[in-house]
Amino acid sequence: MSEVNLPPLPPVGGETSGRSIVDVLGEQHRELIKLTDRLTDPGQDDPRVASVLVATLSRHLSAEEQYLYPAIRAVVPGGDAIAERELAEDRELLTLMGDLERTGESGPVAAAVRRHVQADADELFPLLEQMVPAEDMIRLGNRVETAEEAAPTRPHPRTPSTPPWNKVVDPALGVVDKIRDMITARTTYMRDLK
C-alpha cells in the first residue's frame, strides 16, 4: 500500500511508464526560469511576459500545494515542517506576483522564483525520489499535470493552501480567472509569446 494515498494506476501490462512528479515539476521550473530571465532582461519590452509568468507560476504553485507538499508530509520525516516552510514561501511569492502586476517591479519575483526552484531541486525532489516508489511518483506527476490545467492563472494568496479545500477552491478560481483572461485577452502561456 502506498504511503502517498493515491488510487492505483490502471493496468498497462508491463513496466509503469510516464512522467514522474519530478519530471513534470522540473520542466515547469525550467520554463519559469526562462520566463524570469526574459522578464528581467533589460532589452525586454513585451508586457505579456509578466502576465505569462504570473499565470504559469500561479498554476505551478497551485499544483504543488495540492500534490507535492501533501506527498512530502506523508512520506518524509519532518515533512510537516518542510511543507509549512514551503507554503509560507509560496504565500510570499503569490503576494510578490500581485505586486509585479501592480507595479511592474520584476526583481523580487525573479529572485523568489529562483529560490523556489533551487529549494525544490536541492531538497524536495531528492527526498521524494529516495522515499516514494516510482509508480507513485508517476501518479503524482499525472495529478500535477491535471491540477495545473484547472488551476488559477492569477495569484490568490488568501485562499486555502492545503487539501482538501485547495482542491475545491483552486479549480473554481481557475474558471473565474480563465474567463477574466479570455475577456481581457490576457496572454497566459509561454507558447503564445513567440
Side-chain angles (χ1 to χ4, degrees), residues 19 21-41 43-69 86-121 124 140-163 165-194:
R19 293 175 0 129
I21 187 171
V22 171
D23 297 333
V24 172
L25 294 176
E27 180 180 306
Q28 292 173 8
H29 285 164
R30 287 185 292 280
E31 184 172 297
L32 288 167
I33 293 298
K34 285 179 189 175
L35 284 165
T36 57
D37 289 347
R38 192 166 171 180
L39 183 67
T40 56
D41 179 354
Q44 192 285 123
D45 62 350
D46 187 347
R48 299 177 306 158
V49 174
S51 292
V52 171
L53 174 63
V54 167
T56 302
L57 190 53
S58 295
R59 289 188 298 262
H60 173 78
L61 294 176
S62 174
E64 281 191 343
E65 289 172 358
Q66 289 180 44
Y67 292 101
L68 175 64
Y69 303 144
E86 294 300 318
L87 286 169
E89 289 179 8
D90 287 0
R91 279 189 288 280
E92 179 183 331
L93 189 47
L94 289 167
T95 301
L96 289 172
M97 285 192 295
D99 295 344
L100 171 65
E101 289 187 312
R102 284 186 297 280
T103 67
E105 177 60 39
S106 61
V109 170
V113 167
R114 287 185 178 92
R115 277 193 310 273
H116 170 84
V117 168
Q118 199 64 47
D120 282 4
L124 301 185
L140 286 166
N142 292 337
R143 280 160 183 78
V144 163
E145 288 180 313
T146 302
E148 184 186 28
E149 283 307 311
T153 60
R154 297 168 188 265
H156 298 281
R158 291 187 181 95
T159 59
S161 58
T162 56
W165 293 110
N166 65 345
K167 290 182 179 184
V168 173
V169 172
D170 282 4
L173 284 171
V175 169
V176 173
D177 286 353
K178 286 172 180 73
I179 291 170
R180 287 178 62 197
D181 295 340
M182 190 174 59
I183 290 169
T184 62
R186 179 175 178 246
T187 305
T188 59
Y189 286 95
M190 192 167 177
R191 66 180 175 252
D192 299 327
L193 289 175
K194 298 179 180 15

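Each residue takes its place number in the sequence, starting with 1.
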- Message: Whether the side chain of Ser62 engages the backbone of Ser58 through a donor-acceptor N/O pair (distance < 3.5 Å, no angle test) should be reported.
- Response: no
- Is the side chain of Arg48 donor-acceptor paired with the backbone N or O of Asp192 at a distance under 3.5 Å, no angle test? yes
By side chain to side chain contact (heavy atoms under 4.5 Å, CB included), which residues pair with [X], not counting sequence neighbours?
{"X": "Val176", "value": "Arg180"}
{"X": "Ile183", "value": "Ile179"}
{"X": "Asp181", "value": "Thr153, Arg154, Arg186, Thr188"}

Report the distance from atom [atom1] of [X] to atom [atom2] of [Y], rounding to the nearest 0.5 Å.
{"X": "Thr95", "Y": "Asp90", "atom1": "OG1", "atom2": "CG", "answer": "10.5 Å"}
{"X": "Leu32", "Y": "Leu61", "atom1": "CG", "atom2": "CG", "answer": "8.0 Å"}
{"X": "Asp23", "Y": "Gln28", "atom1": "CG", "atom2": "CD", "answer": "11.5 Å"}
{"X": "Leu87", "Y": "Asn166", "atom1": "CG", "atom2": "CG", "answer": "8.5 Å"}
{"X": "Thr36", "Y": "Asp41", "atom1": "OG1", "atom2": "CG", "answer": "11.5 Å"}
{"X": "Thr159", "Y": "Asp170", "atom1": "OG1", "atom2": "CG", "answer": "5.0 Å"}

- Query: Partners of His29 by ring-ring contact (aromatic ring centres under 6.0 Å, His included), sequence neighbours excluded?
  - Reply: His60, His116, Phe125
- Query: Do any pairs count as a side-chain hydrogen bond (donor to acceptor under 3.5 Å, both in side chains) and have a residue in residues 106-115, sequence neighbours left out, and if so which ones?
  - Reply: Asp37-Arg114
- Met190 and Leu35: side-chain contact (heavy atoms from CB on, under 4.5 Å), yes or no, with the steps? CA-CA 8 Å; Met190 192 167 177; Leu35 284 165; 4.0 Å; yes
- Query: If you take all heavy atoms of Ala151 and Lys178, which pair is closest and at what distance?
  - Reply: O-NZ, 2.7 Å
- Query: Taking all non-hydrogen atoms of both residues, which atom of Val24 and which atom of Arg19 are closest, and how far apart?
  - Reply: CG2-NH2, 3.4 Å
- Message: By the salt bridge (charged side-chain N to carboxylate O under 4.0 Å, His left out) test, which pairs, at least two apart or in different chains, include something from residues 53-65?
- Response: none
- Measure the shortest side-chain to side-chain distance between Leu25 and Leu124 over non-hydrogen atoms and say whether it is less than 4.5 angstrom. no
- Take Tyr189 and Glu31, measure what side-chain contact (heavy atoms from CB on, under 4.5 Å) needs, and give me the verdict at the end. CA-CA 10 Å; Tyr189 286 95; Glu31 184 172 297; 6.0 Å; no
- Given side-chain contact (heavy atoms from CB on, under 4.5 Å), test Val144 with Leu68 step by step and report yes or no. CA-CA 8 Å; Val144 163; Leu68 175 64; 5.8 Å; no
- Message: Pair Arg38, Leu193 - check side-chain contact (heavy atoms from CB on, under 4.5 Å), show working.
- Response: CA-CA 11 Å; Arg38 192 166 171 180; Leu193 289 175; 3.7 Å; yes
